[in-house]
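First up is the structure itself, then whatever we jot down about it.
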Amino acid sequence: MEKFTLTLKSVPAKSRRTTLCGVVSSGNLEVLVEPIGMEDACEIEVSTSAHGFRDIWEAVLNDFAKEHESGGLRLSINDAGATPAVVSLRLSQAFEIASGDAP
Amino acid sequence: MKQHDHLASNRLARLKRAAGISSNRLVATEHAVQLLGAVIEPGDRVCIEGNNQKQADFLARCIAKTDPSRVTGLHLVQSVLALPEHIDLIERGQVERIDFSFSGPQASRLALLVENKKIAIGAIHTYLELFARYFVDLTPRVALIAAQAADREGNLYTGPNTEDTPAIVEATAFKGGIVIAQVNEIVDRLPRVDIPADWVNFYIKAPTPHYIEPLFTRDPALITEIQVLMGMIAIKGLYAEYGITRLNHGIGFDTAAIELLLPTYAADLGLKGKICTHWALNPHPTLIPAIESGFVKSVHCFGSEVGMERYTSARPDIFFVGADGSMRSNRAFSQAAGHYACDLFIGSTLQIDSHGNSSTATLDRIAGFGGAPNMGADARGRRHASPAWLRAGREAQLGAGIPRGKKLVVQIVETFREHMQPTFVEHLDAWELAKTADMELPPVMIYGDDLTHIITEEGIANLLLCRTQEEREQAIRGVAGYTPFGMSRDARMVENLRDRGIIRRAEDLGIRKRDATRDLLAARNIKDLVRISGGLYDPPAQFRNW
Amino acid sequence: MKELFDRLFGKDRHDIAIEGLFLQGKAMVGKESATVIGTCEHAAIDAALALKISGAILNAVREGPRPILFIADTQGQALTRHDELLGLNGYFAHIARAVDLARRSGHRLITLINGEAVSGGFLAFGMLADKICALPGSEVRVMDLRAMSRVTKIELATLEQLAKESPVFAPGVENFWRMGAIHEIWSDKDSWPERLGMAFASLADERASIGFERGGRMLASPIAQCVANT
Amino acid sequence: MSYFEASARTRIRGLVDAGTFEEFCPPEMRQTSPHLARLNAPLSFDDGVAVGRARLSGHAILIAAQEGRFNGGSVGEVHGAKIRGLLDRALAERPSAVLLLIDSGGVRLHEANAGLIAISEIMRALLSVQAAGIPVFALVGGSCGAFGGMGIVTRLCNEVIMSEQGRLSLSGPEVIETVKGVEEFDSRDRALVWRVTGGKLRRAQGDATRLVEDSIPAFRNAAAELMERYRVHSLPEKSLTDLLADQERLACRNMQFSNARDGQEVWDATLSDSTHVPELSSEEFNQRLLER
């Protein structure tokens with residue numbers, strides 16, 4: 001497993017609920033969203049079975065932090081080789097649930 | 001006196017050699033190998049029928065058992081090299097040269113034989129191209145074909161899986177060749193005659209029914225949300241936009257998703273009757289919901305699909321069905337239909353480069369083409385107009401003072417395949433393969449200048465609207481997502497292309513990504529398809545979970 | 001088998017019948033008469049054998065509370081389509097229920113592993129006793145490392161290396177002892193009748209806490225408690 | 001909403017009364033498997049099972065849901081301890097029922113010994129819960145079915161609610177094929193696999209007590225209805241007489257189907273009309289079972 005943590009600038013999240021989204025299965029991932037004591041940044045912790053793709057992860061996660069008001073959230077990811085498309089989708093879903101946009 | 005019937009007298013000589021083992025064209029199963037030894041001559045061009053669906057597998061096994069010292073120097077001219085026996089025959093040294101279309105499961109073994117100079121490849125063709133050459137310079141001397149049934153005269157019933165048989169038999173029988181058929185059963189009365197007995201020299205009851213691969217069955221349960229999203233983009237951003245009524249789909253899950261979105265998403269957009277009415281397509285099980293909801297008016301098939309026999313029979317308004325009530329397919333005609341009569345082809349691929357060339361070749365496999373290049377190419381001989389075709393021509397600014405049309409050729413791909421393999425690359429593997437296999441052309445499935453649109457989860461790139469090579473390349477990079485190829489895009493230029501509508505993201509089309517769920521699929525598993533077909537679809541055992 | 005019985009109970013202190021892969025009878029443990037039920041010759045347990053086992057346990061319950069000794073020697077469940085069709089899992093569940101009934105009816109239950117105890121066969125027959133003892137030379141496993149490597153796609157060498165450090169997946173009586181699933185490993189030097197008598201003397205299911213004490217399963221007990229009590 | 005397709009958490013959400021699920025040992029506690037970590041395999045924050053308490057049609061329940069897509073719903077040390085802890089908790093909390101949403105191939109090979117032991121502890125804890133008069137229900141309708149030790153656990157439950165897509169058995173067809181050959185069991189013949197292990201066979205045999213359509217509400221309705229029944233007629237302790245009757249039933253099954261290798265033979269003997277059984281809806285199937 002390859003592991004790394006990024007702290008990315010982001011607009012403070014409106015509401016912050018703990019939630020788990022997705023399942024760790026081949027080509028898929030789970031995202032655990034939790035509130036943490038920061039305001040203008042989110043912390044993203046990645047553990048992935050696909051080695052050597054850190055550049056791509058950083059690009060995907062940077063775009064996520066830019067496009068979503070995720071300051072004050074910690075996102076912990078267990079990944080089993082999801083493609084960037086699946087990662088982005090799952091992050092958005094987790095975010096929508098955690099920030100109260102969706103049920 | 002000059003002799004004008006060498007071929008006919010040679011055929012007579014061959015028939016005479018086999019006289020002892022046949023009675024009124026019927027040859028006993030156990031004499032099949034002996035028959036082939038008697039009628040095949042060294043250096044013959046031989047076609048062992050088979051494609052990505054049905055296979056004359058019994059006769060392939062038999063020819064691989066013939067005496068290599070007598071049956072030798074063969075030139076195989078056939079659609080596919082898919083069976084291990086095809087390759088065995090080459091390894092036994094009985095084949096000198098091959099001309100074919102597709103090698104599928106045997107692609108790696110073939111690559112090895114080519115590398116070791118055990119075999120010469122004439123060319124890798126498309127199906128239609130190879131059929132064409134049967135009637136010019138690659139006419140078989142002996143054709144080994146597969147049929148469902150024969151009657152006692154030797155008439156053949158090929159039924160729903162007629163496929164390549166008429167093209168092969170026509171070329172062989174009318175040019176002094178020998179036609180040998182393996183049949184699943186011998187009956188007193190055939191439902192209908194697909195091949196008349198006087199075009200057939202011998203028929204043999206095979207010990208087991210000929211093999212048919214259920215290649216076009218896609219289990220809806222395996223369709224992902226990303227594929228649903230891409231399907232929505234295709235329907236709203238392309239089919240609706242151009243008003244695509246006549247089309248052909250590839251066999252991937254992406255296009256299966258589109259088929260399953262027609263009765264739901266497309267119907268909600270009010271597109272019923274406006275898109276996807278006429279098809280050149282195999283009877284895809286995933287098309288059942290669209291047919292049942294009245295979306296589809298006509299489907300002509302290259303082949304059949306295992307389990308769809310009762311369904312196609314029961315829908316003669318849609319499919320091409322004989323007086324006996326069973327469907328007839330015909331690969332050559334359907335390929336022609338796909339090439340000339342369809343406004344759009346959409347399919348998937350493994351790699352796309354900066355020119356939009358796409359290929360399914362990888363380094364250690366010689367896979368070939370099948371039919372996609374004929375579907376996925378502009379038909380420059382086309383002379384009839386349709387709104388979609390004309391609009392594409394206008395967008396591409398074709399024609400010098402004269403209106404011209406263009407076929408829409410679309411690749412629908414995810415930016416990454418499984419195991420994080422990028423679909424978009426700077427350099428196709430096909431180049432390396434061409435070098436190692438000593439091929440004159442890199443095996444490109446669809447040429448960049450034929451390609452009009454690329455759809456990925458990132459949106460649509462409309463290449464028709466690009467005016468320079470640079471714009472075109474940036475349009476491709478602009479939908480290539482987080483692949484290294486995509487990340488090296490010129491961000492400003494891509495935004496500019498987006499402003500001009502050359503790149504359209506999901507949100508530009510008014511599609512919300514969160515709506516892209518599997519709930520939109522008209523069937524979510526094979527069982528749903530059975531139910532929607534009213535129990536007429538009978539899926540093969542490996543696709544069931546009940 | 002007779003030598004084993006002589007060694008376990010003493011000469012002329014047992015009356016155990018062997019029918020194929022199944023054995024049952026009575027034997028003396030100290031001053032008590034115990035019921036003996038078992039399998040032999042690395043039996044693959046199929047539905048028919050499972051029924052014999054459960055039938056024998058129910059008979060013992062009917063006869064009234066006296067200790068029951070299970071002698072387990074099984075290569076696991078029988079692998080046939082017929083047995084799956086019958087629902088072999090249900091036959092195994094029935095054995096488990098019979099064992100449970102015996103316990104509730106006051107029978108003390110001990111399993112003696114003699115030979116092999118593998119996977120589902122062990123789960124059905126033997127593992128639910130109050131105490132599990134292994135005779136010398138016994139083997140306990142779920143799957144051998146080679147097959148495990150094939151299924152998990154983890155290299156055999158990696159598994160072999162890790163098996164040296166951790167008792168959690170590799171075959172072996174010692175490993176199951178460290179995990180708390182085997183209470184006692186007997187040696188050839190022991191007096192088996194004596195050990196058997198002592199084993200029956202005190203009984204309780206403390207496998208998770210024993211596993212914790214022995215360092216084999218550090219999480220099972222705290223996590224179960226976390227779920228049960230918070 | 002399809003039960004088969006749903007994740008473990010979606011199943012729980014769809015089954016219980018809205019907003020009543022309270023999870024024990026939740027994902028944010030990060031109780032992941034140290035054994036998977038040591039093998040450098042992907043982890044899940046809940047180790048593939050969610051456990052907690054909730055209400056279903058107003059009845060207090062404890063509920064566990066295995067996630068079949070994480071390592072085949074397999075039981076490791078942590079996963080098993082969570083289920084076992086839930087059963088222990090039932091003794092103190094005395095819910096109306098414990099619901100086990102089983103979706104598992106059995107023991108997790110990466111921690112095989114711990115998994116096997118955990119299942120034996122689950123079995124014993126489950127029997128104690130039943131002895132205390134609390135019914136345990138198994139719900140089987142996921143892609144992994146209920147195999148291995150979890151197949152045994154399922155058959156210990158008082159009620160087994162299955163969909164046709166659910167499978168309940170001991171050894172997987174792939175294992176039998178690998179060991180005994182394709183003639184013994186062709187695992188690629190999916191229709192055969194379902195005739196030998198699927199919900200319609202198990203219902204005909206009585207191993208499943210309810211057959212429902214593949215939808216979460218259908219599972220919910222069946223569970224609610226059964227719970228109501230247990231409220232009226234409380235669960236009696238299993239007696240020797242009960243088990244002797246079970247013994248007799250299983251012996252009869254052995255005799256009646258002494259050579260059977262295909263579920264069709266069971267349907268022929270148990271249904272009023274045994275033609276086209278795989279095509280029937282669960283309602284039609286239940287009707288034919290009733291008519292016999």
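Here is how names work: the chains are called A, B, and so on, in the same order as the sequence lines, proteins then strands, and each is numbered from 1.
When heavy atoms are compared at a cutoff of 4.5 Å, D:Ala251 approaches chain C by way of both its backbone and its side chain. Residue C:Leu219 touches chain D through both its backbone and its side chain, counting heavy-atom pairs closer than 4.5 Å. Looking at D:Lys180, only its side chain comes within 4.5 Å of chain C, counting heavy atoms on both sides. Residue D:Gln247 touches chain C through both its backbone and its side chain, counting heavy-atom pairs closer than 4.5 Å. Of the atoms belonging to D:Ile152, heavy atoms from both backbone and side chain fall under 4.5 Å from chain C. Neither the backbone nor the side chain of D:Ser33 comes within contact range of chain C; no heavy atom of the residue lies under 4.5 Å from a heavy atom of that chain. Heavy atoms closer than 4.5 Å to chain D are found nowhere in C:Pro222, neither backbone nor side chain. For C:Arg62, the parts lying near chain D are the backbone and the side chain together; criterion is any non-hydrogen pair under 4.5 Å. Neither the backbone nor the side chain of C:Asp83 has a heavy atom closer than 4.5 Å to any heavy atom of chain D. Both the backbone and the side chain of D:His110 come within contact range of chain C, with heavy atoms under 4.5 Å apart. For chain D, the nearby part of C:His94 is the side chain; its heavy atoms alone come within less than 4.5 Å. Interface remark: D:Asn71 contributes no atoms to any contact with chain C (heavy atom separation under 4.5 Å). Proximity to chain D is limited to the side chain of C:Leu159, based on heavy atoms less than 4.5 angstrom apart. When heavy atoms are compared at a cutoff of 4.5 Å, D:Gln256 does not approach chain C at all. For C:Ile154, the part lying under 4.5 angstrom from a heavy atom of chain D is the side chain only. In this structure, chain D has a heavy atom under 4.5 Å from the backbone of C:Ala170, while its side chain stays farther away. Heavy-atom distances place both the backbone and the side chain of D:Asp246 under 4.5 Å from chain C. For a residue to count as touching a neighbouring chain, one of its non-hydrogen atoms must lie under 4.5 Å from one of that chain's; by this rule D:Arg108 does not touch chain C. Contacts between D:Glu93 and chain C at a heavy-atom distance below 4.5 Å are absent for every atom of the residue. Using a 4.5 Å cut-off between heavy atoms, D:Val78 touches chain C through backbone and side chain atoms alike. Neither the backbone nor the side chain of D:Thr154 comes within contact range of chain C; no heavy atoms are under 4.5 Å apart. Looking at D:Leu192, only its side chain comes within 4.5 Å of chain C, counting heavy atoms on both sides.
Between C:Leu123 and D:Met123, some side-chain heavy-atom pair lies under the 4.5 Å cut-off. Side-chain contact between C:Arg97 and D:Leu127 is present, with heavy atoms from C-beta onward closer than 4.5 Å. For the pair D:Leu109/C:Val142, a side-chain contact is recorded, criterion being any heavy-atom separation below 4.5 Å from C-beta on. The shortest side-chain heavy-atom distance between D:Leu170 and C:Tyr91 does not fall under the 4.5 Å cut-off. Residues C:Arg104 and D:Glu237 are in side-chain contact: their nearest non-hydrogen atoms beyond the backbone lie under 4.5 Å apart. With a 4.5 Å cut-off on side-chain heavy atoms, D:Met29 and C:Cys226 count as touching.
Here the CG-OG distance, from C:Leu88 to D:Ser171, works out to 7.0 Å after rounding to the nearest 0.5 Å. Expressed to the nearest 0.5 Å, how far CG of C:Asn89 lies from CG of D:Asp207 amounts to 6.5 Å. Interatomic distance, CE of C:Met179 versus CG of D:Leu116, reported as 9.5 Å (0.5 Å rounding). In this structure, the separation between CD1 on D:Ile117 and CD1 on C:Ile182 is 8.0 Å, given to the nearest 0.5 Å. Note that OG of C:Ser221 is 6.5 Å distant from CZ of D:Arg84, once rounded to the nearest 0.5 Å. A distance of 7.5 Å separates OG in C:Ser105 from CG in D:Leu240, rounded to the nearest 0.5 Å.
Closest non-hydrogen pair, D:Glu77 versus C:Ala220, comes out as OE2-N, 2.8 Å. Smallest separation of non-hydrogen atoms from D:Arg155 and C:Gly90: NE-CA, 3.4 Å.
Between the side chains of D:Thr197 and C:Glu84, no donor-acceptor pair of N or O atoms lies under 3.5 Å.
D:Glu184 places no side-chain N or O within 3.5 Å of a backbone atom of C:Leu79 that could act as its donor or acceptor partner. Between the side chain of D:Arg253 and the backbone N or O of C:Leu86, at least one donor-acceptor pair lies under 3.5 Å. Side-chain N or O atoms of C:His82 include none that pairs as donor or acceptor with a backbone N or O of D:Arg261 at under 3.5 Å. Side-chain N or O atoms of D:Asn113 include one that pairs as donor or acceptor with a backbone N or O of C:Pro167 at under 3.5 Å. Of the possible donor and acceptor atoms, one in the side chain of D:Arg89 sits under 3.5 Å from a partner among the backbone N and O of C:Val227.
Between chain C and the residues D:Val175, D:Val266, D:Asp88, D:Ile119, the largest count of heavy-atom pairs under 4.5 Å involves D:Ile119. Counting heavy-atom pairs under 4.5 Å between each of D:Ser128, D:Gly151, D:Ala112, D:Ala41 and chain C puts D:Ala112 at the top. Counting heavy-atom pairs under 4.5 Å between each of D:Pro173, D:Ala114, D:Ala146 and chain C puts D:Ala114 at the top. Chosen from D:Gly115, D:Ala81, D:Ala118, the residue pairing most often with chain C at heavy-atom distances under 4.5 Å is D:Ala81. Between chain C and the options D:Asn40, D:Ile83, D:Asn259, the largest number of non-hydrogen pairs under 4.5 Å is found for D:Asn259. Heavy-atom pairs under 4.5 Å with chain C peak, among D:Val179, D:Leu39, D:Val107, D:Val51, at D:Leu39. For the options C:Val140, C:Val99, C:Thr80, heavy-atom pairs under 4.5 Å to chain D are most numerous at C:Thr80.
Within a 6.0 Å sphere centred on CZ of D:Arg188, heavy atoms belonging to other residues, nucleotides or ligands number 12 at most. At most 12 heavy atoms of other shown residues, nucleotides or ligands fall within 6.0 angstrom of atom CD in C:Glu155.
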Practice task
Report the C-alpha distance between D:Leu201 and C:Leu85 in whole Å, list the side-chain angles of each, state the deciding distance to 0.1 Å, and finish with yes or no for side-chain contact (heavy atoms from CB on, under 4.5 Å).
Solution key: CA-CA 8 Å; D:Leu201 171 72; C:Leu85 178 78; 3.6 Å; yes

Practice task
Dump the intermediate steps for side-chain contact (heavy atoms from CB on, under 4.5 Å) on D:Arg124 and C:Arg103, then the final yes or no.
Solution key: CA-CA 11 Å; D:Arg124 201 154 159 180; C:Arg103 182 184 298 111; 3.1 Å; yes

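Between C:Arg81 and D:Asp186, no side-chain nitrogen of the basic residue sits less than 4.0 Å from a carboxylate oxygen of the acidic one, so the salt-bridge criterion is not met.
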